[in-house]
Amino acid sequence: MSLKNIVKNKYKAIGRRGRSHIAPEGSSVSSSLSTNEGLNQSIWVDLPPELLLDIIQRIESEQSLWPGRRDVVACASVCKSWREMTKEVVKVPELSGLITFPISLRQPGPRDAPIQCFIKRERATGIYRLYLGLSPALSGDKSKLLLSAKRVRRATGAEFVVSLSGNDFSRSSSNYIGKLRSNFLGTKFTVYENQPPPFNRKLPPSMQVSPWVSSSSSSYNIASILYELNVLRTRGPRRMQCIMHSIPISAIQEGGKIQSPTEFTNQGKKKKKPLMDFCSGNLGGESVIKEPLILKNKSPRWHEQLQCWCLNFKGRVTVASVKNFQLVAAAAEAGKNMNIPEEEQDRVILQFGKIGKDIFTMDYRYPISAFQAFAICLSSFDTKPVCE
């Protein structure tokens with residue numbers, strides 16, 4: 001029997017064939033698995049580490065695309081020893097260019113080539129779904145759902161609730177990952193995550209709040225998206241700027257790195273937590289990064305023959321739309337040189353564009369994550385009469 005069949009048979013035995021994510025340790029799912037499996041678990045737990053490492057490495061190297069990558073997730077669902085070994089073998093998207101576990105959606109994309117995705121919009125329900133793949137025509141039913149967002153209308157502006165599930169948008173759910181909130185005019189958007197940024201913080205006493213905070217209601221301001229007002233109603237694409245509060249400018253400088261989160265914290269439980277700053281909870285403060293990364297839309301050129309503004313999307317965008325954009329790192333801000341290498345200034349970090357009715361492509365790369373890229377693209381869907 002091949003290694004692939006062994007893992008599939010084990011995956012069926014533990015009753016987790018339908019979902020491709022890791023059961024959190026200590027959850028009701030994992031506790032029930034340990035009770036039901038009992039003696040059968042010992043057969044898999046007692047495998048020699050060298051043999052276990054070889055098994056997982058072979059499966060990981062053979063299954064690089066979804067839905068076959070479910071076999072890698074199945075390895076992490078067998079037991080604790082398999083889980084830890086799988087975590088060691090599977091590399092983060094920055095190094096592998098692959099999305100495997102839900103935490104990969106909060107980790108930076110690859111440096112070399114972008115991860116290609118597409119977004120499907122449902123006008124009737126106000127739901128937007130992000131899939132991994134080139135396009136619906138090429139991926140078909142094999143498209144991997146990454147994230148979903150539901151638009152909620154409010155008196156002061158719009159709000160997009162982002163979830164790991166395609167239908168569950170409750171903020172108290174473990175599928176809730178963050179939200180995007182706009183002002184009344186739709187010119188400023190704020191991106192919130194329900195997980196703290198991975199970097200350490202040294203907080204002054206004035207920025208500390210009560211240690212009793214519900215983790216399910218925490219919101220961390222990780223980015224701000226600003227659209228420039230078009231008062232003169234001049235022709236051309238929208239002008240936007242993204243301030244990434246959780247990413248330092250040093251991340252794209254020579255030798256720069258960014259810390260990646262390694263796991264989700266437990267959600268929905270009230271527990272005593274360390275003192276934290278105003279950006280945890282719902283107070284909406286900024287992070288303590290002094291020089292955050294700033295992204296701006298790449299300036300298009302006017303095509304005389306086509307009589308329109310054009311950008312080189314390398315075949316990924318086929319329909320002209322005011323929503324189309326490419327984001328690059330801002331080389332200077334307020335007269336200050338950011339010391340960004342020239343190749344990084346021309347490198348497209350995020351591009352978004354229309355390819356059909358309610359179908360859009362989204363390609364992102366280091367240093368932003370899939371969630372951050374999805375949130376920025378969602379801001380383009382909101383109506384902005386004062387910016388067009």
Heavy-atom nearest pair, Arg111 first then Arg347, reads O-NH1, 3.5 Å
Taking the side chain as every heavy atom from C-beta outward, state whether Val152 and Phe160 have any atom pair closer than 4.5 Å. no
Using only atom types and a distance under 3.5 Å, with no angle test, would you say the side chain of Ser77 pairs donor to acceptor with the backbone of Val73? yes
Aromatic ring pairing Phe381/Phe352, orientation class (parallel under 30°, perpendicular over 60°, tilted between): perpendicular
Between Ser165 and Ser163, does any side-chain donor sit less than 3.5 Å from a side-chain acceptor? no
Is any side-chain heavy atom of Ile222 closer than 4.5 Å to a side-chain heavy atom of His245? no
Quick check against the 3.5 Å criterion: does Asn194 have a side-chain atom that pairs as donor or acceptor with the backbone of Tyr176? yes
A cation-pi test, strictly: NZ or CZ of Arg121 under 6.0 Å from the centre of the six-membered ring of Tyr128 and no more than 45 degrees from its axis. Yes or no? no
Do the side chain of Thr187 and the main chain of Tyr227 share a donor and acceptor less than 3.5 angstrom apart? no
Stepwise side chain to side chain donor-acceptor pair (under 3.5 Å) check, Gln253 with Ser250: CA-CA 5 Å; Gln253 294 174 350; Ser250 60; 5.4 Å; no
If you round to the nearest 0.5 Å, how far is CG of Leu147 from CE of Met362? 8.0 Å
I'd like to know whether Ser148 forms a side chain to side chain contact (heavy atoms under 4.5 Å, CB included) with Phe169, so could you lay out the CA-CA distance, the side-chain angles of the two residues, the decisive distance to 0.1 Å, and finally the verdict. CA-CA 8 Å; Ser148 298; Phe169 298 99; 3.8 Å; yes
Quick one: do Val328 and Ile258 end up in the same hydrophobic cluster if we chain Ile, Leu, Val, Met, Phe, Trp and Tyr together by side-chain heavy atoms under 4.5 Å apart? no
Determine, stepwise, if the pair Ile243 / Leu226 fulfils side chain to side chain contact (heavy atoms under 4.5 Å, CB included). CA-CA 8 Å; Ile243 305 174; Leu226 309 175; 4.3 Å; yes
d(Phe189 CZ, Leu180 CG) to nearest 0.5 Å is 6.0 Å
Check whether any side-chain N or O of Lys87 sits under 3.5 Å from a backbone N or O of Trp82 as a donor-acceptor pair, and report yes or no. no
Examine distances only and state if a side-chain atom of Ser182 and a backbone atom of Ala158 form a donor-acceptor pair shorter than 3.5 Å. yes
Distance-only, no hydrogens or angles: does the Gln372 side chain make a donor-acceptor pair with backbone N or O of Ser369 under 3.5 Å? yes
Test log, rule salt bridge (Lys or Arg N to Asp or Glu O under 4.0 Å), inputs Asp112 and Arg365: CA-CA 8 Å; Asp112 298 331; Arg365 68 197 313 159; over 6 Å; no
By the rule that ILVMFWY residues connect when side-chain heavy atoms come within less than 4.5 angstrom, directly or transitively, which residues belong alongside Val319? none
CG-CG distance between Leu146 and Leu130, expressed to the nearest 0.5 angstrom: 4.5 Å
Identify which one of Asp71, Val89, Thr86 satisfies the side-chain contact (heavy atoms from CB on, under 4.5 Å) criterion when paired with Ile59. Asp71
Side chains of Ser173 and Asp168: any donor to acceptor distance under 3.5 Å? yes
Is there a donor-acceptor pair closer than 3.5 Å between any side-chain N or O of Gln326 and the backbone N or O of Asn312? yes
Ser260 vs Pro108 side-chain heavy atoms within contact, under 4.5 Å: yes
Quick check: closest heavy atoms across Ile294 and Gln241, and the distance to 0.1 Å? CG2-CG, 3.6 Å
Met240 vs Lys296 side-chain heavy atoms within contact, under 4.5 Å: no
Under 6.0 Å between ring centres, would you say that holds for Tyr220 and Tyr192? no
When rounded to the nearest 0.5 angstrom, what is the spacing between CD in Glu344 and OH in Tyr366? 8.5 Å
Does Ile99 offer a backbone N or O that forms a donor-acceptor pair with the side chain of Trp66 under 3.5 Å? yes
Just how far is it from atom CD1 of Ile376 to atom OH of Tyr364, taken to the nearest 0.5 Å? 12.0 Å
Please determine whether side chain to side chain contact (heavy atoms under 4.5 Å, CB included) holds for the pair Cys377 and Ile119, giving the CA-CA distance in whole Å, both sets of side-chain angles, and the decisive distance to 0.1 Å. CA-CA 9 Å; Cys377 293; Ile119 299 174; 4.0 Å; yes
Yes or no on salt bridge (Lys or Arg N to Asp or Glu O under 4.0 Å) for Glu60 and Arg69, after CA distance, side-chain angles and deciding distance? CA-CA 8 Å; Glu60 203 277 337; Arg69 197 133 183 98; 2.7 Å; yes
Ser104 side chain to Phe101 backbone, donor-acceptor under 3.5 Å: yes
Heavy-atom closest pair, residues Gly178 and Phe371: CA-CZ, 3.9 Å
Just so I know, are the side chains of Leu164 and Leu105 near enough to count as touching, which here means a heavy-atom distance under 4.5 Å? yes
Can you check side chain to side chain contact (heavy atoms under 4.5 Å, CB included) on Lys120 and Ile359, steps first, answer last? CA-CA 5 Å; Lys120 296 181 69 175; Ile359 304 294; 3.5 Å; yes
Side-chain contact, heavy-atom cut-off 4.5 Å: Val191 with Met244? no
Side-chain touch Thr262/Ile103, heavy atoms, less than 4.5 angstrom: no
Looking at every heavy atom in both Ser143 and Phe118, which two are closest together, and how far apart are they? OG-CZ, 3.5 Å
List for me each residue that meets salt bridge (Lys or Arg N to Asp or Glu O under 4.0 Å) alongside Arg123, sequence neighbours excluded, and say none if there are none. Asp358
Do Gln107 and Pro261 have side chains that approach each other closer than 4.5 Å (heavy atoms only, starting at C-beta)? yes
Is there a path of hydrophobic side-chain contacts, each under 4.5 Å between heavy atoms of I/L/V/M/F/W/Y residues, joining Leu293 to Val348? no
Let's go through Lys179 and Glu193 carefully: what are the C-alpha distance in whole Å and the side-chain angles of both, what is the deciding distance for salt bridge (Lys or Arg N to Asp or Glu O under 4.0 Å) to 0.1 Å, and is it a yes or a no? CA-CA 7 Å; Lys179 62 184 178 182; Glu193 264 187 343; over 6 Å; no
Check for me, please, whether Leu350 and Val317 land in the same ILVMFWY cluster - side-chain distances under 4.5 Å, paths through other members count. no
Mind listing the closest non-hydrogen atom pair of Ala149 and Phe374 along with its distance? CB-CE2, 3.8 Å
Joint cluster assignment, Leu95 & Val90, ILVMFWY side-chain distance < 4.5 Å: no
Just jot down the side chain to side chain donor-acceptor pair (under 3.5 Å) partners of Ser96, sequence neighbours excluded, or say none. none
How long is the span from the CG atom in Asn175 to the OG atom in Ser170, to the nearest 0.5 Å? 9.5 Å
Pair Asp382 + Arg151, salt bridge at N-O below 4.0 Å: yes
Do Arg129 side-chain atoms and Leu145 backbone N/O form a donor-acceptor pair below 3.5 Å? no
Least distance between heavy atoms, Leu52 atom then Ser81 atom: CD2-O, 4.0 Å
Are Ile225 and Ile368 connected in the hydrophobic side-chain network, where two residues link if heavy atoms are under 4.5 Å apart? yes
